[in-house]
Amino acid sequence: MLELEVGLSHYLVLSAALFIVGIMGVLIRKNTIVILMSIELMLNAVNITFVAFSRFLNNMDGQISVFFVMAVAAAEAAIGLAIAVAVFKRFHGINIRFFENLKG
Amino acid sequence: MSLIDITFYILALTTFFAGVAVIAIPNPVYSALCLAITMIGVAGLFFTLEAYFIAGVQLIVYAGAVVIMFVMVLMLFDLKHEKKAFSKGLFSMILKIGSSAVVLASIFSAIYLTISAKPRLEEVNTDAIVAAKGLALQLFTKNVFAFEVIGILLLVVLVGAIALAKGKGGTHA
């Protein structure tokens with residue numbers, strides 16, 4: 001039932017694959033910056049799903065959701081990178097294990 | 001196969017393999033560059049879905065701002081000594097990859113079981129200006145409260161990021 005003509009399921013499959021790539025990045029990498037990048041990948045995968053459904057259901061609401069996801073993702077990246085900078089100043093490394101030492 | 005299908009396959013392969021490269025390359029600077037390629041690919045996918053305004057915002061916010069922010073922060077760090085880029089342990093690695101594969105298989109099966117009939121692609125208004133106008137009307141009428149909340153969130157993040165990065169590092173330093 002593989003079809004070459006592109007439909008909704010193609011976009012959903014691509015989105016799921018990108019999301020799993022992001023999950024694996026979060027699981028197997030130790031660098032905090034790369035983990036943040038993987039989270040951005042996951043958010044982008046969800047955005048593809050939103051826009052695909054918005055297009056195929058002919059409804060604008062998905063694109064509005066993408067708008068808000070983008071704003072929150074930018075905010076999350078800014079805060080995560082600021083925390084990474086603070087951790088680097090304290091421990092001279094950004095390995096994720098340094099986050100065990102955060103207190104309060 | 002029409003032209004839009006071929007475009008989709010090229011963009012999908014580019015996006016997917018750039019995404020794999022983000023997590024597979026040990027050097028974080030190359031990861032950031034692959035992330036930029038992924039973001040541009042996603043913007044191209046939005047173009048194929050006729051979401052022109054979202055595609056432009058994706059290019060400006062992600063490929064422009066967020067990736068540049070990652071690269072700028074990487075410039076602050078001295079990452080030459082970063083040897084242990086990946087987590088150790090064969091058993092935990094097998095567990096992580098296996099659980100990811102299980103999640104992927106369940107999502108794929110859900111997609112193929114539920115979307116059996118191909119949704120008909122209706123002819124919509126493909127004028128970019130009209131589409132952007134519809135988006136703006138929805139954003140500033142139905143979702144205006146969420147829009148204002150996002151504005152407050154961005155203000156809080158602006159102040160919070162400066163306060164976090166400016167300190168000496170750690171809360172008990």
**Request:** Take atom CE of B/Met93 as the centre, draw a 6.0 Å sphere, and report whether it contains more than 12 heavy atoms from other residues, nucleotides or ligands.
**Result:**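 Counting neighbours around CE of B/Met93, more than 12 heavy atoms of other residues, nucleotides or ligands fall under 6.0 Å, so yes.
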**Message:** Quick check for you: among B/Ser2, B/Ser99, B/Ala161, which has the greatest number of heavy-atom pairs under 4.5 Å with chain A?
**Reply:**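 Ranked by contacts with chain A, first place is B/Ala161.
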**Request:** Please determine, among B/Val57, B/Leu139, B/Leu76, the option with the most heavy-atom pairs under 4.5 Å with chain A.
**Result:**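 Highest number of heavy-atom pairs under 4.5 Å: B/Leu139.
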In terms of heavy-atom proximity below 4.5 Å to chain A, should [X] be classed as side chain, backbone, both, or neither?
| X | result |
| --- | --- |
| B/Thr38 | side chain |
| B/Met69 | both |
| B/Val66 | side chain |
| B/Ile150 | side chain |
| B/Ser92 | neither |
| B/Leu49 | both |
| B/Ala32 | both |
| B/Ala51 | both |
| B/Val73 | side chain |
| B/Thr48 | both |
| B/Leu153 | side chain |
| B/Met39 | side chain |

**Request:** Please list, chain by chain and in numerical order, all residues satisfying ring pair (Phe, Tyr, Trp, His ring centres under 6.0 Å) with A/Phe19, sequence neighbours excluded.
**Result:**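 Residues passing ring pair (Phe, Tyr, Trp, His ring centres under 6.0 Å) with A/Phe19: none at all.
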What closest approach, in Å, do [X] and [Y] show between heavy atoms, and which atom pair accounts for it?
| X | Y | result |
| --- | --- | --- |
| A/Asn31 | B/Pro28 | ND2-CG, 3.5 Å |
| A/Ala74 | B/Val61 | CB-CG1, 4.4 Å |
| A/Ile23 | B/Ser100 | CG2-OG, 4.1 Å |
| B/Ala165 | A/Lys89 | O-NZ, 2.5 Å |
| B/Ala131 | A/Met60 | O-CE, 3.2 Å |
| A/Ala78 | B/Val157 | CB-CG1, 3.9 Å |

Below 3.5 Å, can you tabulate the donor-acceptor pairs from side chains in residues 63-72 of chain A to any protein atom, sequence neighbours excluded?
| unit_1 | atom_1 | unit_2 | atom_2 | d |
| --- | --- | --- | --- | --- |
| A/Ser65 | OG | A/Asp61 | O | 3.2 |

For [X], is it the side chain, the backbone, both, or neither that has a heavy atom closer than 4.5 Å to a heavy atom of chain B?
| X | result |
| --- | --- |
| A/Ile35 | neither |
| A/Val13 | both |
| A/Leu14 | side chain |

Distance check, rounded to the nearest 0.5 Å: [X] atom [atom1] versus [Y] atom [atom2]?
| X | Y | atom1 | atom2 | value |
| --- | --- | --- | --- | --- |
| A/Arg55 | B/Ile54 | CZ | CD1 | 14.5 Å |
| A/Met24 | B/Ile97 | CE | CD1 | 4.5 Å |
| A/Ser54 | B/Leu135 | OG | CG | 8.5 Å |
| A/Ile48 | B/Leu45 | CD1 | CG | 5.0 Å |
| A/Leu81 | B/Phe70 | CG | CZ | 5.0 Å |
| A/Thr49 | B/Ile107 | OG1 | CD1 | 9.0 Å |

Considering only heavy atoms from C-beta outward, does the side chain of [X] approach that of [Y] to under 4.5 Å?
| X | Y | result |
| --- | --- | --- |
| A/Asn44 | B/Gln58 | yes |
| A/Val85 | B/Phe77 | yes |
| B/Ile4 | A/Val6 | no |

Do [X] and [Y] share a hydrophobic cluster, counting only Ile, Leu, Val, Met, Phe, Trp and Tyr and linking them when any side-chain heavy atoms are less than 4.5 Å apart?
| X | Y | result |
| --- | --- | --- |
| B/Val22 | A/Val21 | yes |
| B/Tyr52 | B/Leu137 | no |
| A/Leu43 | B/Ile37 | no |
| B/Val156 | B/Val149 | no |
| B/Leu154 | B/Phe147 | yes |

**Asked** Is the backbone N or O of B/Ile23 less than 3.5 Å from a side-chain atom of A/Arg29, with the two atoms forming a donor-acceptor pair by type?
**Response**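 A pair under 3.5 Å: yes.
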**Chi angles and distances behind the side-chain contact (heavy atoms from CB on, under 4.5 Å) call for A/Ile20, B/Phe108** = CA-CA 11 Å; A/Ile20 295 296; B/Phe108 277 6; over 6 Å; no
**Item:** Identified side-chain contact (heavy atoms from CB on, under 4.5 Å) counterpart of A/Leu41 within the set B/Leu35, B/Val42, B/Thr15, B/Val20
**Value:**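 Exactly one candidate clears the test, B/Leu35.
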